[in-house]
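Here the structure is a predicted model, which means the values were calculated and not measured.
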Amino acid sequence: MSTSSKLSARERIYRLLDDSSFVEIGAFVHARNTDFNMNSKKTPADGVITGFGRIQDQLVYVYSQDVSVLGGTVGEMHARKIRTVYELALKTGAPVVGLVDCAGMRLQEATDALNAFGELFHQQTLASGVIPQITAIFGSCGGGMALIPALTDFTVMTAEGGKLFINAPNTLDGNRAEICDTSSAVYQATESGTVDFVEATEEDALAKVRELLSLIPANNMDGSWILECEDDLNREDESLAQTLDTRYILTSIADDHKVCEVRKEYAPEMVTMFLRLNGRCTGAVANCSETTDEAGRTEAKEAVLTTAAALKAEKFIRFCDAFSIPVLTFVNVKGFKATVEEEKTMGNAAAKLIGAYAQATVPKVTVIAGDAYGSAYLAMGSRHIGADMVYAYPKARIGMMNPESAARIIYADEIGAAGDKQAFLREKTDEYDALQTSPLSAASRGYVDDIIEPAATRKRVIAAFEMLESKREGLPSKKHGTV
């Protein structure tokens, strides 16, 4: 095997799959186009190696583009081989992994190549929500090829060598790669959100694909497969009472403290991750207004819902629902981010998030960890849009707005006439807080099922999901929603 940092197409497959499990399909296929003297060029396997194998003994289909054959460009037969893999995967209910290193569309094949791309897009769309699709990008992935990862469920990209773009950076007006490399893994992960995982090396990227496939179901009928849990189901963590860092909380309650965060670099104010609870894969969505570094220093941020955060959560929830993965939500949000730019997009994004939660029929458990104010709270998996079980921490606050702001509005005239304005405001703030925003107030109205201690989060959430395991819920008969 090569010792260079850049692996060949075949080496990538061997490193991805279990040892000696790969079986190749279509090894003798080659380009049949004869235009532009193509018949004089050798195109072994037409630039893509396809087949099936095993990852942790689970069936997986794979294609790996070979950049040494016409730059790995996609032509008629190249795409047909990938389409064959998809057809088999749909018949057998197994994931598809694409290992991408490609110069784009094969110009010599023109309309045949266009047809090939179109048919591949169609096949990916049919597979969406039926089998998991993962793309790993190791080299160039540009033009029409850039739509391939966007049509899959998860995209892994190497920080060095990987390039993802619809239009190359230097073709964008006023831009050059050295100014802003819009094709880089960092840009695509932090700005566009197309890339879910950025890995330093090809080996790391392949390991991430294996990790993902060890967590998620093989198809939409499989259910989230359950592993034997050796971690203590009743384990408590007293430190959870001292933090609103939901990444920390989720890591604490996960089996063996193992989590897999998706799109970590994009909209970090929203956490989306997979974890196991009593051996079952669970999708977690959480507002994150605090981050704690390795030295224990805490950085606080505004607890608001942004457009990017809402869309990030919406996509993740829809994946979980499609593959019967339960959804756990942690809420700490004071409202929507208030800027001119956010105002352009926030309404549509929040509506999509509400739609994702309301339409999801999987078990849904919500924990209100901090503030839960206004419509932003409603959009975050609240009881009002379909959560099955809702818990709140004792320090949680639930209502239209924070108590002091509400008191200022309700008692505006009285505050103005009061002798000691500050004392009067404090009195009315405390009164409003007790009557309207305390978790006890919400629980007394049935909007919260129980008030739990943070330390007990793991055992209470696991118990809720076990109770909901046999949940069956239907939706009104329709072709599909339009939100």
Side-chain angles (χ1 to χ4, degrees), residues 234 236-238 240-244 246 249-250 253 284-287 289 303-305 326-336 350 353-354 357-358 360-412 414-415 423-468 471 473:
N234 296 311
E236 296 193 358
D237 184 350
E238 297 295 338
L240 298 189
Q242 312 304 319
T243 183
L244 282 173
T246 46
I249 295 172
L250 288 165
I253 69 172
V285 176
N287 304 118
S289 62
V304 292
L305 185 61
V327 174
L328 170 63
T329 304
F330 276 81
V331 182
N332 178 30
V333 64
K334 294 181 178 180
F336 300 111
L353 179 58
I354 291 169
Y357 271 117
T361 58
V362 294
K364 293 172 284 189
V365 175
T366 295
V367 178
I368 302 173
D371 294 324
Y373 291 139
S375 299
Y377 144 63
L378 294 179
M380 282 299 300
S382 64
R383 160 62 46 77
H384 323 286
I385 61 169
D388 299 300
M389 292 294 291
V390 179
Y391 297 121
Y393 288 167
K395 293 182 180 179
R397 287 297 175 265
I398 307 159
M400 287 289 291
M401 60 182 69
N402 74 72
E404 183 178 331
S405 297
R408 285 183 182 278
I409 294 171
I410 294 172
Y411 299 103
E414 291 90 334
I415 291 171
F424 183 82
L425 178 61
R426 281 195 301 271
E427 177 190 344
K428 294 304 179 184
T429 296
D430 292 343
E431 182 181 308
Y432 185 90
D433 183 39
L435 290 173
Q436 291 292 331
T437 63
S438 71
L440 184 59
S441 172
S444 70
R445 291 166 166 80
Y447 305 142
V448 167
D449 293 298
D450 201 0
I451 301 168
I452 65 172
E453 291 298 326
T457 303
R458 173 175 163 82
K459 65 181 179 181
R460 296 302 301 271
V461 166
I462 287 175
F465 279 126
E466 285 184 344
M467 177 271 292
L468 291 165
K471 174 187 174 182
E473 181 180 11

**Asked** Which heavy-atom pair separates K364 from A358 by the least distance, and what is that distance?
**Response** NZ-O, 4.3 Å
**Asked** If every non-hydrogen atom of M380 is compared with every non-hydrogen atom of V285, which pair is closest and at what distance?
**Response** CE-CG1, 4.2 Å
**Fill in**
Taken in chain and number order and not counting sequence neighbours, the residues that satisfy salt bridge (charged side-chain N to carboxylate O under 4.0 Å, His left out) with R426 are none
**Item:** Exercise: identify the closest heavy-atom pair between N234 and K459
**Value:** OD1-CB, 3.7 Å
**Complete:** Shortest non-hydrogen pair, E236 vs A456, comes out as OE2-CB, 4.2 Å
**Request:** Report the distance from atom CD1 of I354 to atom CD1 of I385, rounding to the nearest 0.5 Å.
**Result:** 5.5 Å
**Distance, nearest 0.5 Å, that separates CG of D371 from CG of L244** = 8.0 Å
**Prompt:** Closest approach of F336 and A350, non-hydrogen atoms and distance?
**Reply:** CE2-CB, 4.0 Å
**Message:** Looking at K334, I'd like to know if its NZ atom is crowded, meaning that more than 12 non-hydrogen atoms belonging to other residues, nucleotides or ligands lie closer than 6.0 Å.
**Reply:** no
**Request:** Please name the pair of heavy atoms, one in A434 and one in S438, separated by the smallest distance, quoted to 0.1 Å.
**Result:** O-OG, 3.5 Å
**Asked** Rounded to the nearest 0.5 Å, what separation is found between the CD atom of E404 and the CD1 atom of I409?
**Response** 11.0 Å
**Prompt:** What residues, two or more places apart in sequence or in another chain, satisfy salt bridge (charged side-chain N to carboxylate O under 4.0 Å, His left out) together with E414?
**Reply:** none
**Complete:** Rounded to the nearest 0.5 angstrom, the CG-OH distance for L378 and Y373 is 14.0 Å
**Prompt:** Could you give all pairs that pass the salt bridge (charged side-chain N to carboxylate O under 4.0 Å, His left out) test and reach residues 374-394, with sequence neighbours left out?
**Reply:** R383-D449, D388-K471
**Residues in side-chain hydrogen bond (donor to acceptor under 3.5 Å, both in side chains) contact with S289, at least two apart in sequence or another chain** = N332
**Complete:** Residues at least two apart in sequence or cross-chain that pass salt bridge (charged side-chain N to carboxylate O under 4.0 Å, His left out) with D450, listed by chain then number, are R460
**Request:** Would you please test M467 and M389 for side-chain contact (heavy atoms from CB on, under 4.5 Å) and show each step?
**Result:** CA-CA 10 Å; M467 177 271 292; M389 292 294 291; 3.7 Å; yes
**Request:** Could you tell me whether the side chain of L328 reaches within less than 4.5 Å of the side chain of L250, counting heavy atoms only?
**Result:** yes
**Request:** Measure from the side-chain N and O atoms of T437 to the backbone N and O of G399, and report whether any donor-acceptor pair falls under 3.5 Å.
**Result:** no
**Inter-residue atom distance T457.OG1 - D237.CG, 0.5 Å rounding** = 9.0 Å
**Message:** Strictly by ring-ring contact (aromatic ring centres under 6.0 Å, His included), give each pair with a member in residues 381-406 just once, sequence neighbours left out.
**Reply:** Y377-H384, H384-Y447
**Complete:** Of T366, I253, V365, the one forming a side chain to side chain contact (heavy atoms under 4.5 Å, CB included) with F330 is I253
**Request:** Decide yes or no for Y411 and E427: does some side-chain heavy atom of the first lie under 4.5 Å from some side-chain heavy atom of the second?
**Result:** no
**Asked** Out of curiosity, T329 OG1 to N287 CG, how far, rounded to the nearest 0.5 Å?
**Response** 9.0 Å
**Minimum side-chain heavy-atom gap P439-I451 below 4.5 Å** = yes
**Request:** Determine, for R397 against D433, whether the closest basic-nitrogen to carboxylate-oxygen distance falls under 4.0 angstrom.
**Result:** yes
